Amino acid sequence: MPKTGFTFKPLSSSASATQVPSSDQNPGSEVTNNVSIPKVRVFTRKKRVRKTVDVVKENPTAENKEHSGRSLPDIEEFAYKKVDRPALSGKSKSTFGKLNMGTDIASSVAMEGKAPANWEKVLEGIRKMRSSEDAPVDTMGCEKAGSVLPPKERRFAVLISSLLSSQTKDHVTHGAIERLTQNHLLTPDAMDKADEATLKDLIYPVGFYTRKATNMKKIAKLCLMKYDGDIPSSLEELLLLPGIGPKMAHLVMNIAWNDVQGICVDTHVHRISNRLGWVSRPGTKQKTLYPEETRVALQQWLPKEEWVPINPLLVGFGQTICTPLRPRCDICSITEFCPSAFRETSSPSSKVKKSGARKKL
DNA sequence: CTCCCGACTG
DNA sequence: CAGTCCGGAG
């Protein structure tokens, strides 16, 4: 991949491990330095085809697809998003009940705020396992590359990169950022003026590009109008931006502002922390139900120096060994400290009703 | 819960 | 080829 100046690499705390040598990079990237070209290069490959699957969801109760309750109740402090979310109270309760089961991994669960036994050995063990294989998840690959930009631009780039990186492979995110950069659209000003359709085409392969293009424009405008072209500097204000939730907000605080307000918890950190018995619901031995709950619990005992590195560490571990499905306990070196080792317990988001149910007849 | 997008997996 | 992946929002 040609790196034309900006080589930002967002802390892809999610996807990215898996290879994907896919021959398709971006076919038009021979655009080296025609800086003067005012027009935007549009993606012409693979047509975006709507799936138009005329699936008549005759079974609205989604028998499979059991997410792990993504939305959270208003757990403690600021951290939680925009306005007040009324929901969660009544409805999803039944679902949570189900997810809640099988949580006896608590033998070594940390007592409120107290560090679980051997956590240092566990971390060390994971580090070892990670170093042996080529960890694709390098955390701050950005600070070195992004530093070529003035602070303000760099922060904006970090914010946009974070937005684009969710649910998207690293190389894809990188390509999108590169295209935006080449077209001089990686600034609040330009982005605000740009066509939404143009942005959409430029970021194309990233996940949820349509929604992200919309969010990018809104974010650019907000940065312009409320923050003088800079990005919000607090967690609360970052959370107010469309498309920026707890996970990304912490990531941006860490990288863009170098101000560690909290741990960036994604599903890997969430799942593994629970498997290890590192966190539990307040006052219980139950697994935490939401990433935010995990974050709070983890922050109660994990030394602050580990707050940032814990993410890339567990993400890499979670993608290669402690996987959601069929974790590789057989090759894991810390099973002696893991209450969940060799248990089919699977992830926090258990998979109860699933294959057993009938498809569509 | 469901949708958003698409690439990958069993 | 249905199910997974996994962050955010409604």
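The figures that follow rest on heavy atoms only: side chains count, while hydrogens, waters and symmetry mates do not. Protein chains get the first letters and strands the later ones, always in sequence-line order, with residue 1 at the start of each. On a predicted model such as this, the values are computed, not experimentally measured, just so you know.
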Out of dC5(B), dC6(C), dG8(C), whichever nucleotide has its closest atom nearest the side chain of Q167(A): dC6(C)
Take N118(A) and E120(A) through the side-chain hydrogen bond (donor to acceptor under 3.5 Å, both in side chains) test and state the conclusion after the steps. CA-CA 5 Å; N118(A) 301 312; E120(A) 287 164 298; over 6 Å; no
d(CZ, R326(A); C1', dT4(C)) in whole Å: 10 Å
Protein-nucleotide distance (N215(A), atom CG; dG8(C), atom P), rounded to Å: 11 Å
What residues, two or more places apart in sequence or in another chain, satisfy ring-ring contact (aromatic ring centres under 6.0 Å, His included) together with W257(A)? none
Looking only at atom P, what distance separates dG10(B) and dC6(C), rounded to whole Å? 14 Å
Side-chain contact check for P324(A): nearest option of dC5(C), dG10(B), dG7(C) is dC5(C)
State whether the aromatic ring of F208(A) stacks on the base of dC5(B), taking stacking to mean ring centres under 5.5 Å apart and ring planes under 30° to each other. no
Just the rounded figure in Å: distance from P of dC4(B) to CE of M216(A). 21 Å
OP1 or OP2 of dC6(C) sitting under 4.0 Å from any side-chain N/O of S166(A)? no
Check the distance between dG7(C)'s P and Y290(A)'s OH and give it to me in whole angstrom. 17 Å
When you check the phosphate oxygens OP1 and OP2 of dC5(B), does a side-chain N or O of Y204(A) lie under 4.0 Å from one of them? no
Between dC6(C) atom C1' and R271(A) atom CZ, what is the distance in whole Å? 10 Å
Under a 3.5 Å threshold, yes or no: a donor from one side chain and an acceptor from the other, between E237(A) and S234(A)? yes
Atom-to-atom span, CZ of R211(A) to P of dC5(B) - whole angstrom: 7 Å
When you compare the side chains of T294(A) and T288(A), does any donor N or O come within less than 3.5 Å of an acceptor on the partner? yes
Y209(A) on top of dG6(B)'s base, within under 5.5 Å and under 30°? no
Of the listed nucleotides (dC6(C), dG10(B), dC4(B)), which one gets closest to any side-chain atom of H268(A)? dC6(C)
Considering only the P atoms, how many Å lie between dC5(B) and dC1(C), rounded to the nearest integer? 23 Å
Rounding to a whole Å, what distance do you find between H270(A):NE2 and dC6(C):P? 12 Å
Can you list every salt bridge (Lys or Arg N to Asp or Glu O under 4.0 Å) pair that touches residues 209-220 of chain A, not counting sequence neighbours? none
In whole angstroms, the gap separating P of dG7(C) from CG of L238(A) amounts to 17 Å
Is any side-chain nitrogen or oxygen of T210(A) closer than 4.0 Å to OP1 or OP2 of dC5(B)? yes
